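Side-chain atoms are counted along with the backbone in the values below, which use heavy atoms only and exclude waters and symmetry mates. Chain letters run A, B, ... following the sequence lines, proteins first, then strands; residues in each count from 1. Every value quoted in this text rests on a predicted model; they were computed, and no experiment measured them.
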Amino acid sequence: MSILEVCQWLQDTQIGTAIRESVWWFPLIEGTHVLALALSVGTLIVIDLRLTGFIMKDRRVSEVSRQLLPWSMTGFLIMFATGALLFWCQAVKAYGSIYFKLKILGLLLAGINALIFEFRTRRTIALWDADAIPPLRARIAGFTGMILWAGVIAAGRTMAYNF
Amino acid sequence: MTHIYLPAAFSLHPFFQWCDSTAVGEAIRDSRVIFPIVESIHLLALTVLLGSILVLNLRLLGSGLRSQQVESVAKSLAPLTFWSLLTMLVSGALLFCSEALKCYENPPFWAKMEMLAAAIVFQYTFVRYAARSARAKRPQHILAACGSLALWFGVAAAGRAIGFY
């Protein structure tokens with residue numbers, strides 16, 4: 001079975017069809033997906049702005065991220081759940097959209113950026129945790145994250161114009 | 001549709017008509033790319049605006065950034081809130097001009113504008129007082145946070161609903 005056929009099968013399932021044809025479910029899921037941007041990317045940006053040395057410079061990086069990251073992660077959980085449902089009900093259109101592919105690429109790169117930060121850059125955090133402006137490596141991770149998320153949001157929004 | 005709070009003599013329809021006929025509105029309508037670009041900017045600013053408001057409200061509720069004083073969190077986030085709000089108002093005005101007459105017939109649009117006016121006033125009066133005054137105590141913090149969350153997320157939800165209506 002090709003990927004396209006899988007997409008076709010997926011959106012023809014009972015749940016996929018039900019969401020697509022519903023009066024309320026689709027707008028509710030879509031609306032939640034948009035509003036959860038505040039919790040996911042919105043709180044992550046505050047952490048990234050600390051990491052790049054723009055705000056809360058007198059507080060430790062770890063102090064800011066430790067307290068906000070659980071909220072970001074809750075937000076991303078909501079994003080992935082609602083996003084999966086949205087894909088479920090219109091998989092074929094999404095598969096055919098260049099913006100959807102760009103969005104997935106952006107998500108993958110943002111994930112890789114986060115993993116590199118978590119497992120490499122963060123290991124030395126004790127040395128620069130209290131710095132008003134963290135070292136270049138950490139700042140690059142913060143900037144890259146913000147740019148990638150902006151790209152993901154723009155691609156996600158643009159997708160809908162071609163549906 | 002006549003707006004519910006205004007008698008017919010004070011109709012805003014001519015104003016909407018004028019916005020719709022401006023060169024800016026026409027240029028955005030005629031272009032296939034400008035609207036999606038402005039809309040993306042509007043959405044990016046929304047992320048920053050709601051994000052900064054959410055973090056302050058979490059602090060007011062006592063469940064995020066508790067190691068910092070409410071006032072210091074409010075001061076750190078104020079520029080983010082202000083500049084993202086300004087970006088939203090400008091990009092929003094551009095989007096509006098391109099479809100002002102459509103908005104006039106759109107109930108979620110009116111709901112959004114009313115909640116937006118209330119949200120801005122509430123944010124820069126009561127929330128500001130609750131977050132920055134030493135006299136404000138826990139009840140004011142909770143009231144400010146709940147009111148601000150309800151208003152701003154209401155604005156966002158109504159904004160999304162404009163496109164669904």
Side-chain angles (χ1 to χ4, degrees), chain A residues 22-50 54-60 62-72 74-75 79 99 102-103 146-147 149-163, chain B residues 31-59 61-69 72-81 83-84 91 95 108 148-150 152-165:
Chain A
S22 70
V23 175
W24 288 106
W25 282 114
F26 187 84
L28 278 176
I29 297 169
E30 231 275 350
T32 308
H33 194 65
V34 176
L35 263 56
L37 265 178
L39 193 58
S40 54
V41 183
T43 55
L44 194 67
I45 280 176
V46 175
I47 301 173
D48 278 339
L49 286 173
R50 172 60 191 96
F54 281 103
I55 60 169
M56 300 180 184
K57 289 188 250 190
D58 55 339
R59 318 302 303 196
R60 289 175 178 273
S62 63
E63 177 191 324
V64 174
S65 72
R66 176 167 35 82
Q67 297 179 86
L68 289 182
L69 213 49
W71 291 106
S72 315
T74 309
M79 283 312 240
Y99 296 103
L102 283 171
K103 178 173 180 173
M146 287 191 279
I147 291 166
W149 285 115
V152 168
I153 292 170
R157 184 64 193 92
T158 310
M159 234 177 104
Y161 290 108
N162 299 279
F163 271 22
Chain B
S31 157
R32 278 190 64 227
V33 290
I34 301 179
F35 194 91
I37 291 173
V38 179
E39 174 78 66
S40 288
I41 293 170
H42 199 61
L43 199 57
L44 289 174
L46 168 132
T47 307
V48 179
L49 176 66
L50 288 189
S52 67
I53 282 170
L54 187 61
V55 171
L56 176 62
N57 288 331
L58 286 172
R59 178 63 191 88
L61 293 171
S63 40
L65 294 179
R66 277 161 83 166
S67 65
Q68 293 183 55
Q69 295 292 320
S72 113
V73 175
K75 275 191 181 147
S76 302
L77 297 174
L80 280 186
T81 306
W83 289 108
S84 56
S91 56
L95 295 171
S148 166
L149 285 173
W152 286 111
F153 278 88
V155 173
R160 185 61 195 89
I162 292 173
F164 282 131
Y165 185 79

Going by distance alone, is a donor N or O of one side chain under 3.5 Å from an acceptor N or O of the other, for B:S52 and B:T81?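 A donor-acceptor contact under 3.5 Å links the two side chains.
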
Measure the shortest side-chain to side-chain distance between B:L49 and B:W152 over non-hydrogen atoms and say whether it is less than 4.5 angstrom.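 Yes - at least one pair of side-chain heavy atoms lies under 4.5 Å apart.
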
Would you say that A:I153 contacts B:S40 through its side chain, given a criterion of any heavy-atom pair below 4.5 Å between the two side chains?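 Answer no - side chains too far apart.
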
Pick from B:T47, B:L65, B:V55: which one has the most heavy-atom pairs with chain A under 4.5 Å?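 Maximum pair count with chain A is reached by B:L65.
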
For chain A, which candidate among B:V73, B:L46, B:L50 shows the most heavy-atom pairs at distances under 4.5 Å?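 If we count pairs closer than 4.5 Å to chain A, B:L50 comes out on top.
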
Please state whether the side chain, the backbone, both or neither of [X] comes within less than 4.5 Å of a heavy atom of chain A.
| X | value |
| --- | --- |
| B:L77 | side chain |
| B:S63 | both |
| B:L80 | side chain |
| B:L58 | side chain |

Pick whichever of A:I45, A:L44, A:L39, A:T32 has the most heavy-atom pairs under 4.5 Å with chain B.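 Maximum pair count with chain B is reached by A:L39.
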
If we define contacts as heavy-atom pairs under 4.5 Å, which of A:E63, A:R59, A:K57 has the most with chain B?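 Going by pairs under 4.5 Å, I would pick A:R59.
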
Taking [Y]'s backbone N and O only, do any of them form a donor-acceptor pair with [X]'s side chain (distance below 3.5 Å, no angle check)?
| X | Y | answer |
| --- | --- | --- |
| A:Q67 | B:S67 | yes |
| A:S65 | A:L69 | no |
| B:R59 | B:L54 | no |

Measure from NZ or CZ of B:R160 to the centre of the six-membered ring of B:F164 and say whether it is under 6.0 Å with the direction within 45° of the ring axis.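 Flagged: B:R160 positioned over aromatic ring of B:F164.
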
For [X], is it the side chain, the backbone, both, or neither that has a heavy atom closer than 4.5 Å to a heavy atom of chain B?
| X | result |
| --- | --- |
| A:L37 | both |
| A:L68 | side chain |
| A:V41 | both |

Hey, could you give me the CE/CG distance between A:M146 and B:L44, rounded to the nearest 0.5 Å?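 The distance works out to 12.5 Å.
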
